[in-house]
Amino acid sequence: MTFTGHSSQSVAAPLMAMGELLMMAENVAGSRTNLRMFDTREPRGPLKERPGEQINGRTKDAGALRGSVLVVPSAPERLSGFFVSDEPSRVPLRPAGTYQNVPPVDYPVHVALGPQDQFWMQGGSFRRFEIKSDGLKPDPNPVVPGRGVQPLQQIGDQFYVVRQPMFAKASIVTQADRDKLTIPWRTTVGGDVIALTQLPGDNLLYATSAGGAGVVSANRLSSGGFEWRSMVELPIPAATNTGLFAAGAEGRLVVAANLPTGATVFVVNSVGQAESTLTASAPLVASPILLADCIALPVDGQILRLPYRGSGSSTGGASEPWGPLGDEPLDRQWTSVNAAGPKELVVVSRSGKLTRLQSQANPNAILAQVAQVTLADEVEVPAVVSGGSIYVVDAGRTLRRFDVSTFEPQGEGPLEGEGLSLGVTNELALVVISNDEVVAFGADNGLKQLWKTTVTGFMPAGQPMIVGEHVWWAGRAGELVRLSMKTGEVIERVAADYSMTLGLVNFGQERLAVAADGVIYRVNSLLEGQP
């Protein structure tokens, strides 16, 4: 038994045996670590402490030892190298140099040592180092940026790196050549599907939160299975540290990656390939919208018009943003931006303004305001555009319907609670309100209330779907709810294995439920009541 006197919770990294020595990394005040060395030669008495070293940073991850070379990682993303000797007449630790990543990121650091005084590190990226007489020398070309989530695995000359990108929760498994730092392959596990659009033949074009994109055929959707690799892995910039924005229309997908001062925008075509890479002058705050002659990009307080007319025809850069009408100030926040035609958008602001914008190329390339209406109350719930109308739930506890082209009122329905979510089909407008009720209004009868029902703990994901005499709606918690279209009676609640993200969608003959972790359920038989 040996009393070391270290403070509670000051030791986070595992102890390391080094021949006859045992090293303990003790975190101390001032974000520093004492590397304490103990001689284990005397098994019957207390361990004798030998001279150690102190390093900068707090040590949480295991060090790596090969022969007489030791590398100790400390946070944030710092490495300290030592030459080790367990001979009683020599100093246990002799410094060999340090390395501090810039800018430092407090990620787990995994280290693996190799031959010829080389070692490899996965922290915020995968790097190769050499231990020289004048310190630790990193290869100038790091690869596979992202947060390492498992210790490095090595087979022969190849490392297998498991990491999470800074913009997604998915895990990316990458093979990396240890000497050339080349990447023969990578595969992604757990990337959410963030956008879908239908292609001819009921094929599906998709984009994932990890930057993958591709096409799934109708036959593949029917048979199920696992897609091992996306058709394209978009070159998401390493500085991207927020989630991707994506949307689909007209057989294309637009995927945007935010940077500190702007955004990189990718257009994915109908064969699952990135046909264009564009640049926006500000980060996005909502999903882009692909119009006939441009891409509309919602940024802080503005909608940017990014000229685009198909592969190879973009002028790049963002043209003039839309501005206020006359002296009226511009709202800086909105709840939804929806396409309202080939060249028009409807923007619903939190203050209650509905603004229709039109893409114009002459005499100036702008998104011009062509109509506006102001409600008496604020709007927090995203509006829905469907069948030539726009449906809005305001803070005055009223569902309102307007003609999307003229903003002429088409009906209103009072609510008995605060509106939380809105879903629209051809026949019904459904509002989830604060007392766990779903209220149904007729979409084509001036929003006359048809029924209401209680669905405890239900918060929808995506839009509802009518199948026969029933309304199906996906819940964020991972369930499908079936209601009677005529009475609102809850027929059943079907649990899924994952939480829902995009909810229920129709793709030709296929009915799909899109869930987290990249799972797409084919639910034809469930929704249609078939065995």
Side-chain angles (χ1 to χ4, degrees), residues 192-196 243-249 254 256 284-291 296-303 331-341 344-357 372-404 407 410-413 415 417-426 428-434 437-441 443 447 458-465 471 473-477 499-505 514:
D192 295 354
V193 176
I194 57 175
L196 298 169
L244 305 180
F245 290 100
V254 181
L284 276 67
V285 297
S287 296
I289 296 177
L290 184 62
L291 298 179
L297 303 176
V299 302
D300 183 22
Q302 295 176 334
I303 309 292
D331 283 346
R332 297 191 60 83
Q333 293 185 323
W334 44 78
T335 58
S336 59
V337 181
N338 297 281
E344 291 190 340
L345 302 170
V346 174
V347 179
V348 180
S349 69
R350 294 186 184 277
S351 67
K353 290 180 182 177
L354 279 65
T355 304
R356 186 157 52 90
L357 308 178
Q372 190 174 80
V373 63
T374 302
L375 306 181
D377 298 288
E378 294 185 349
V379 176
E380 296 289 339
V381 177
V384 176
V385 173
S386 176
S389 298
I390 181 167
Y391 296 80
V392 181
V393 175
D394 63 29
R397 298 188 174 185
T398 303
L399 170 66
R400 303 182 187 276
R401 178 185 176 187
F402 299 90
D403 184 285
V404 77
F407 285 162
Q410 295 180 322
E412 62 180 55
L415 302 171
E418 178 187 358
L420 302 177
S421 185
L422 171 64
V424 178
T425 72
N426 290 336
L428 300 176
L430 302 173
V431 183
V432 179
I433 60 177
S434 52
E437 286 186 328
V438 177
V439 187
F441 298 86
L447 296 183
F458 178 69
M459 182 54 65
Q463 292 295 302
M465 179 184 296
V471 179
W473 214 351
R476 295 178 192 172
S499 61
M500 294 292 171
T501 52
L502 300 184
L504 292 168
V505 291
V514 184

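Reckoned from all heavy atoms, side chains included, excluding hydrogens, waters and symmetry mates.
- With T335 as reference, V379 is the one residue of V347, V381, V379 to meet the side-chain contact (heavy atoms from CB on, under 4.5 Å) rule.
- Shortest non-hydrogen contact noted between P288 and V254 is CG-CG1, 3.7 Å.
- Heavy atoms from other residues, nucleotides or ligands lying under 6.0 Å from CD of E418 number 12 at most.
- Judged by distance alone, with hydrogens and angles left aside, the side-chain atoms of Q463 form a donor-acceptor pair with the main-chain N or O of V424 at under 3.5 Å.
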Side chain to side chain contact (heavy atoms under 4.5 Å, CB included) between V346 and F407, intermediate numbers included: CA-CA 10 Å; V346 174; F407 285 162; 4.3 Å; yes

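- Looking at heavy atoms from C-beta onward, V432 lies in side-chain contact with P460 at the 4.5 angstrom threshold.
- No side-chain heavy atom of V404 sits less than 4.5 Å from a side-chain heavy atom of S389.
- Rounding to the nearest 0.5 Å gives a distance of 11.5 Å between CD of E437 and CG of L420.
- You'll find the side chain of F402 reaches within 4.5 Å of the side chain of L375, heavy atoms only.
- Proximity of L447 to Y391: side-chain heavy atoms (C-beta onward) are separated by under 4.5 Å at one or more points.
- Contact check for T501 versus I194: no side-chain heavy atoms found under the 4.5 Å cut-off.
- The line from CD1 of I303 to CG of L284 is 9.0 Å long, rounded to the nearest 0.5 Å.
- Considering all non-hydrogen atoms of both residues, V385 and A339 come closest at CG1-O, 3.9 Å.
- Atom CG of D192 is separated from atom OG of S499 by 7.5 Å, given to the nearest 0.5 angstrom.
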Step-by-step side chain to side chain contact (heavy atoms under 4.5 Å, CB included) determination, L422 to L399: CA-CA 9 Å; L422 171 64; L399 170 66; 3.9 Å; yes

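- Between the side chain of W473 and the backbone N or O of G462, at least one donor-acceptor pair lies under 3.5 Å.
- Residue I390 holds its CD1 atom at 5.5 Å from CG of N338, rounded to the nearest 0.5 Å.
- Between R350 and E378 there is no salt bridge, since none of the side-chain N atoms of the basic residue sits less than 4.0 Å from a carboxylate O of the acidic one.
- In this structure, OG in S351 is found 11.5 Å from CG in D377, a value given to the nearest 0.5 Å.
- Between A443 and N426 the shortest heavy-atom distance is CB-O, 3.7 Å.
- When all heavy atoms are compared, the tightest approach of V393 to G419 is CG1-CA, 4.0 Å.
- The minimum heavy-atom distance linking E344 with L291 is given by the pair O-CD2, 3.9 Å.
- Residues P464 and G423 approach most closely at CD-CA, 3.6 Å, considering heavy atoms.
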